[in-house]
Amino acid sequence: MKQLSEFLNFTFHLGDDISVSVKAVFVIIIVILVTSRLLKLLSKLLTRNLPKENKIKFEMLFSYGSWGVYLVILLITFDSIGINVTAVFAASAALLIGVGLALQTLIQDIISGVFIIVDQSVHVGDIIEIDNKIGRVEEIKLRTTRAVTLNNRVFIIPNHIFLTSSLYNWTLNGNETKDTVTVGVAYGSNVELVEKLLLQSVKNHPDILKTPTPRVLFMDFGDSALMFRVVFTVRESFLGEGPRSDVRFKIEKLFREHQISIPFPQRDLHVVTAPGLEKPNTKN
C-alpha cells in the first residue's frame, strides 16, 4: 500500500513552475475519458432525429467544437490539481476574443446553420420567402443555404439571415398553397353568371386541385366596377404565376363570349368658368 502511495505521489518536474504527479496524470486521463463519453452521448441526443445528410454535417461541426471543450476541461483540471495555468488562461482568453471579433459574422453563420439543422424549420426542397425573394431550398450548409429562384437563379443566403429576418416557409404544411385572382365587372352585370364563369375558369386546370373546392367571393362595390375574387388551391407552391396567368386568360375569354365587360377606371371632368375669368376681348 505504501509503495502504491509512493508511486501515485511520484512527481515529474517539467520546469521550474510545472510539476505533475502520477496521480494527476490518472486524474487527467479519467477526466478525458468521462468528457469523451459525455460528448458522444450529447452528440447522439442532438442528432437522433436528424436526416442522414444533416447528421453528418452536425457531427463534423460537433467534432471541431469538441476540441474546444477538451481544452477548457483540461485547463480547469490542471488548475484543480495544482498546475499553474494562469498564463495559459490569459493567453487563451485573449486569443478567443481576437478570433471572435475577427470572425464574428462567420461564427454567426455557423451557429445559425446548427440551429437550422437541429430545429428542422427549413428542409431541402422547401419553398421559402425571405427579404421578398422566393426560392426552393437546394442545399443547407453550415455557413450558407442555397436556393433556386423562380427564374432559375441561385440564391445564396448567409445562415445568420434566418435569425435576423422574417422567414416564410411556403411548404412547411405541405406543397399545396391557396391562390387568388381578382377581377372587376361593370355595374349591371349578372353577378350569378359572373360567379359561374369564374368557377369555370379554374375548372379542369391541371395544376388546380378540385379539393378544397374553388369558391368565388364578392369583394366590394368599387368606384368603377363590382369586384370579385376567385379562390383556388394550387398543387405546387413553386409554380408561381403560371396558374394565375392561365386563369386570367380563361376569364377574359369567357367574359368576352358572354358579353361581360371588364371596365377601366373612368373620371368625369367638369370645367366651370367663374365670373371674371372670361377671355378678355382684344378687338378694338
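Residues: numbered from 1 along the sequence shown. Note that this is a predicted model, so its numbers are computed, not measured.
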Determine whether [X] and [Y] make a side-chain contact, defined as any pair of heavy atoms from C-beta on separated by less than 4.5 Å.
X	Y	answer
Ile208	Asp246	no
Lys133	Thr149	no
Leu254	Ser201	yes
Phe155	Ile130	yes
Phe232	Val181	yes
Leu209	Glu176	yes

Gap between atom [atom2] of [Y] and atom [atom1] of [X] - 0.5 Å precision:
X	Y	atom1	atom2	result
Met219	Thr182	CE	OG1	6.5 Å
Leu217	Glu195	CG	CD	9.5 Å
Ile251	Ile262	CD1	CD1	7.5 Å
Leu193	Gln200	CG	CD	9.5 Å
Ile134	Glu129	CD1	CD	4.5 Å

Worksheet item: After noting the C-alpha distance and the side-chain angles of Leu198 and Phe255, does the key distance pass the side-chain contact (heavy atoms from CB on, under 4.5 Å) rule?
Response: CA-CA 9 Å; Leu198 290 177; Phe255 279 14; 4.0 Å; yes

Worksheet item: Under 3.5 Å, is there a donor-acceptor pair linking the side chains of Asn159 and Thr145?
Response: yes

Mind listing the closest non-hydrogen atom pair of [X] and [Y] along with its distance?
X	Y	result
Phe162	Val122	CE2-CG2, 4.3 Å
Pro263	Ala186	CD-N, 3.4 Å
Val137	Ile140	CG1-CG1, 3.8 Å
Val185	Phe228	CG2-CE1, 3.7 Å

Discussion item. Under the criterion side-chain contact (heavy atoms from CB on, under 4.5 Å), I'd like the reasoning laid out for Glu138 against Val124: C-alpha separation, chi angles, the key distance, then a yes or no.
Written reply: CA-CA 5 Å; Glu138 296 292 330; Val124 173; 5.7 Å; no

Fill in: From CA spacing to verdict: salt bridge (Lys or Arg N to Asp or Glu O under 4.0 Å), Arg256, Glu252
CA-CA 6 Å; Arg256 187 161 26 88; Glu252 195 281 331; 3.0 Å; yes

Discussion item. Between Arg136 and Asp126, is the salt bridge (Lys or Arg N to Asp or Glu O under 4.0 Å) condition met? List the steps.
Written reply: CA-CA 6 Å; Arg136 187 196 300 274; Asp126 284 355; over 6 Å; no

[X] side chain to [Y] main-chain N or O, any donor-acceptor pair under 3.5 Å?
X	Y	answer
Tyr168	Ile127	no
His258	Ile260	no
Thr164	His160	yes
Ser36	Ile32	no

